[in-house]
Structures are given as C-alpha cells and as structure tokens.
Amino acid sequence: MTGINGQVGHALLPKLMDYTVTAVSRDTLDLSQADAIRDIIREIKPDLIINPAAYTAVDKAESEPELAHAVNAAAPQVIAEEAARLGAAFIHFSTDYVYDGNKQSPYLESDAVNPQSVYGKTKLAGEEAILAVGLPHLILRTSWVYGAYGKNFLKTILRLAAERETLGIVADQIGAPTARDSIADAVVQLVQQWAADEAASGVYHLTNTGETSWHGFACEIVRQYAEMQHQPTLKADVANIKPLTTAEYPTPAARPANSCLSHEKLKQVFGLTLPSWQAGLKAVMHQL
Ligand SMILES: NC(=O)c1ccc[n+]([C@@H]2O[C@H](COP(=O)([O-])OP(=O)(O)OC[C@H]3O[C@@H](n4cnc5c(N)ncnc54)[C@H](OP(=O)(O)O)[C@@H]3O)[C@@H](O)[C@H]2O)c1
C-alpha cells in the first residue's frame with residue numbers, strides 16, 4: 001500500500017492488521033519514478049495493491065502539471081501494468097473533480113466526466129490508464145476528505161475560528177465532506193467482499209452521505225466543536241461565518257459547483273452505505 005502518511009493511507013493501514021501489508025511511503029518509493037515503481041512491485045509480488053497516494057495540491061497542480069501527471073496518471077498506469085503481470089488486483093482512489101459540476105443532481109458513475117483543473121485531468125487520466133490495462137480493479141471516487149490527522153478543511157477552520165471572530169466561506173459549491181475514517185472502514189469491507197467477486201470491478205463513488213456547502217460544513221464544524229466544549233474555545237461562532245460566492249474567493253484551480261456523488265452503485269453491488277457527513281464529523285470530533 002502507498003501513501004501511508006497521507007490522510008486515507010494513514011487511516012487505512014491500522015485497519016488492515018488481518019493482512020500482510022507492505023506499507024510504502026514517499027521515502028521508500030517516489031511515485032514520479034516509473035522504474036522504481038516497477039522494481040518494488042516485482043520485489044514484493046503483492047496480491048493486491050492499494051494506492052491512496054496522489055498529488056493532491058489542487059491549486060499548485062496548475063503550475064506543476066508534469067509532476068501532477070507523473071504521480072496521478074503515469075504512476076497508476078505503471079502500478080496497473082505491474083499488477084496485471086502478477087495477476088494482482090488494484091484499489092485506486094479518485095475524485096469528484098473529474099466532473100465539471102454543472103449537473104443539477106448527484107453524479108452517477110456513468111455520467112460524462114469533464115475535469116476543469118489540472119488535478120482533475122490528471123486523476124481522470126489515471127483512471128483511464130487503469131481501465132485500459134484491464135485488471136481486477138476498484139476505482140473509488142471520493143470527495144472533500146478530512147480527519148483529525150493531516151492538512152484539511154476541518155483543521156483549517158478550527159485554526160481560523162480560534163484566531164478570528166468572523167470567517168468568510170464559500171457557500172455556492174456543494175458536496176459531501178468525507179471523513180478519512182469512513183473511507184478506511186469502507187475499504188476494509190470492500191477488500192473482504194470484493195475478494196470473492198472480482199466481477200464487481202469498476203468505478204464507484206465513496207463518500208459520506210448527505211450534502212452541504214463548504215460554508216455549511218464550516219458552520220457544523222464550529223457548532224459541533226462548541227457543543228463538545230473542546231478547548232481552546234473558538235473566537236468565531238456560527239452566526240459570524242459569512243457565506244461567500246466562488247467569485248469572491250478566487251483560486252488558481254476551478255472547483256465543481258456540484259460535487260454531489262450518488263451512492264446507489266456502491267449500495268447495490270456491495271450493500272454498503274457510508275454514515276452521514278454529520279455523523280462522520282462527530283466521530284472525528286471525538287479524536288481531536
Ligand atoms: N483530500 C481530498 O479532499 C480528496 C478529495 C477527493 C479525492 N481524493 C483522493 O483520495 C486519495 C487519498 O487522498 P488523501 O486526502 O489521503 O491525500 P493526502 O493526505 O494528500 O496524501 C497523499 C499522499 O501521497 C503521497 N505522495 C504525494 N506525492 C508522492 C510521490 N511523488 N511519491 C510518493 N508518495 C507521494 C504523500 O506523501 P507525503 O506524505 O510525503 O507528502 C501523501 O502521503 C487520493 O487519490 C486523492 O486524489 C482526496
């Protein structure tokens with residue numbers, strides 16, 4: 001498994017104690033080096049490769065497209081090729097940013113993709129490369145990942161709300177905040193169930209259920225934090241979190257206005273539904 005120091009990889013690794021896992025961080029393997037990927041897979045000869053590592057700096061990717069492509073597109077292709085040689089399976093992660101966000105209802109896995117950012121384009125290229133190799137695979141598109149560990153929106157909001165009395169947060173982008181622990185729990189179940197049914201290979205949406213805006217997420221973070229009487233107490237309260245438009249908060253990379261992903265396929269094929277985003281947040285709050 002790659003990316004063990006990232007949000008998802010770090011949550012997943014301790015949940016895979018029943019398996020013999022070779023945990024690979026950037027120190028051991030730089031995913032921008034195709035030959036190094038080949039060498040390590042040929043040495044380890046895994047039955048299953050899980051790849052939560054990715055170039056995830058969405059805005060920085062606009063000025064580093066080659067590196068983002070190497071990690072998000074070329075690396076999954078090499079991993080898939082090597083896994084196919086060994087007869088191994090591949091679990092890979094992708095993103096809501098493969099969609100343009102113009103749909104008015106939750107995206108289905110079968111909907112047209114149309115990424116608007118370098119990050120989204122490189123993640124889509126990674127998906128396409130895996131599909132082209134044609135091995136047993138799960139490509140799990142998730143969104144708005146956060147947790148008690150790592151750099152993420154939750155941590156940023158708590159820091160800002162401790163420093164300032166008012167915050168301005170984008171309110172016209174909607175999606176599902178997804179706790180890294182919810183993803184990890186689901187992946188453990190998928191590993192168990194999928195082993196018996198590799199015909200279920202495919203692209204799946206994997207997010208906490210429900211939807212909100214970044215503004216709604218920020219308000220719920222502050223509300224739950226205050227309710228749990230965490231220390232330090234925050235300077236900002238919910239009434240002082242102001243909604244902004246995307247135009248009022250410009251970023252180098254375009255984000256989808258609608259990031260909501262349907263979960264019907266995951267439910268139908270694997271009988272799996274993740275907790276609501278509010279429940280996911282509550283569980284994370286207990287870890288702070
Ligand atoms: N974060 C989100 O909001 C979000 C949303 C939708 C989809 N996703 C997808 O979900 C998956 C997991 O994301 P995450 O939130 O866990 O990401 P993350 O916290 O940013 O972790 C990414 C990991 O990839 C590693 N990495 C980056 N470049 C590398 C390289 N050249 N060689 C080796 N390792 C490298 C990083 O290593 P270092 O620790 O050394 O930097 C880090 O451990 C990714 O596929 C991501 O695209 C994430």
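As the structure lists them, so they are numbered: ligands from 1, and atoms in each ligand from 1. These numbers were taken from a predicted model, which means no experiment stands behind them.
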- Query: Do Glu127 and Lys123 meet the salt-bridge criterion of a basic N to acidic O distance under 4.0 Å?
  - Reply: no

- Examine the proximity of ligand 1 to Trp144 and report which part, side chain or backbone, both or neither, has a heavy atom under 4.0 Å away. backbone

- Note on the structure: Counting from 1 in the order shown, the ligand 1 atoms closer than 4.0 Å to a non-hydrogen atom of Val8 are 12 (C), 16 (O)

- Note on the structure: Going by the 4.0 angstrom heavy-atom rule, the piece of Ser25 near ligand 1 is neither

- Report the nearest protein non-hydrogen atom to atom 39 (O) of ligand 1: residue, atom name, distance rounded to 0.1 Å. Asn5 CB, 3.7 Å

- Message: Atom CD of residue position Glu227 - does it have more than 12 heavy atoms of other residues, nucleotides or ligands inside 6.0 Å?
- Response: yes

- Task: Taking atom CG of Asp111 as the centre, report whether more than 12 heavy atoms of other residues, nucleotides or ligands fall under 6.0 Å from it.
- Result: yes

- Item | Nearest-neighbour protein heavy atom for atom 19 (O) of ligand 1, which is reported as residue plus atom name and distance | Gln7 N, 2.9 Å

- Task: Could you tell me whether the side chain of Gln224 and the main chain of Gln278 form a donor-acceptor pair under 3.5 Å?
- Result: yes

- Message: Could you see if Val71 belongs to whatever hydrophobic cluster contains Ile41? Use Ile, Leu, Val, Met, Phe, Trp, Tyr and a side-chain cutoff under 4.5 Å.
- Response: yes

- Message: When you compare ligand 1 with Thr95, is there at least one nitrogen or oxygen pair between them that comes in under 3.5 angstrom?
- Response: no

- Query: If you group Ile, Leu, Val, Met, Phe, Trp and Tyr by side-chain heavy-atom gaps below 4.5 Å, do Leu274 and Ile91 land in one group?
  - Reply: yes

- Query: So does Arg255 pair up with Asp100, basic N to acidic O under 4.0 Å?
  - Reply: no

- Query: Under 4.5 Å between side-chain heavy atoms, hopping through other hydrophobics if needed: is there a path connecting Leu13 to Ile40?
  - Reply: no

- Item | Tyr119 heavy atom under 4.0 Å from ligand 1 | yes

- Quick one: nearest non-hydrogen protein atom to atom 20 (O) of ligand 1, plus distance? Thr56 OG1, 2.5 Å

- Task: Please determine if Glu81 and Arg38 form a salt bridge, counting it only when a charged side-chain N lies under 4.0 Å from a carboxylate O.
- Result: yes

- Message: Tell me if the centroids of the rings in Tyr107 and Tyr99 come within less than 6.0 Å of each other.
- Response: yes

- Query: Taking heavy atoms and a distance under 4.0 Å, where does Leu31 meet ligand 1: side chain, backbone, both or neither?
  - Reply: both

- Considering distance alone, does some N or O of Arg26 sit under 3.5 Å from an N or O of ligand 1? yes

- Below 3.5 angstrom, do we get any N/O pair linking Lys123 and ligand 1? yes

- Note on the structure: The atoms of ligand 1 lying under 4.0 Å from a heavy atom of Asp30, numbered in the order shown, are 30 (C), 31 (N), 32 (N)

- Message: Check this for me: does any side-chain nitrogen of one of Arg42 and Glu82 sit under 4.0 Å from a carboxylate oxygen of the other?
- Response: yes

- Query: Should Ser143 be listed as contacting ligand 1, given a heavy-atom distance under 4.0 Å as the test?
  - Reply: yes

- Which bit of Ile4 is near ligand 1, meaning a heavy atom under 4.0 Å away: side chain, backbone, both or neither? neither

- Give the residue, atom name and distance (to 0.1 Å) of the protein heavy atom nearest atom 13 (O) of ligand 1. Pro52 O, 4.0 Å

- Say you draw a straight line from CG of Leu138 to CD of Gln193; how long is it, rounded to the nearest 0.5 Å? 10.5 Å

- Is any N or O atom of Thr142, backbone or side chain, closer than 3.5 Å to an N or O atom of ligand 1? no

- closest protein heavy atom to atom 4 (C) of ligand 1 is Val145 CG2, 3.5 Å

- Message: Please list the nearest protein heavy atom to atom 7 (C) of ligand 1 with its residue and the distance rounded to 0.1 Å.
- Response: Ser94 O, 3.2 Å

- Task: Tell me, yes or no, whether the heavy-atom count around Phe153 atom CZ, taken from other residues, nucleotides or ligands under 6.0 Å, exceeds 12.
- Result: yes

- Message: For Ala57, state whether at least one heavy atom is located under 4.0 Å from any atom of ligand 1.
- Response: no

- Among protein heavy atoms, which sits nearest to atom 22 (C) of ligand 1, and what does the distance come to when rounded to 0.1 Å? Ala54 O, 3.7 Å

- Here the atoms of ligand 1 under 4.0 Å from any heavy atom belonging to Leu29 are 32 (N), 33 (C)

- Query: Which of parallel (below 30°), tilted (30 to 60°) and perpendicular (above 60°) describes Trp214 and Trp144?
  - Reply: parallel

- Query: When you measure from atom 25 (C) of ligand 1 to every protein heavy atom, which one gives the shortest distance, and what is it?
  - Reply: Ala53 CB, 4.0 Å

- Message: For ligand 1 and Gly6, I'd like to know whether there is a polar contact (N/O to N/O, distance under 3.5 Å).
- Response: yes

- For Phe93, the atoms of ligand 1 under 4.0 Å from one of its heavy atoms are 10 (O), 11 (C), 45 (O)

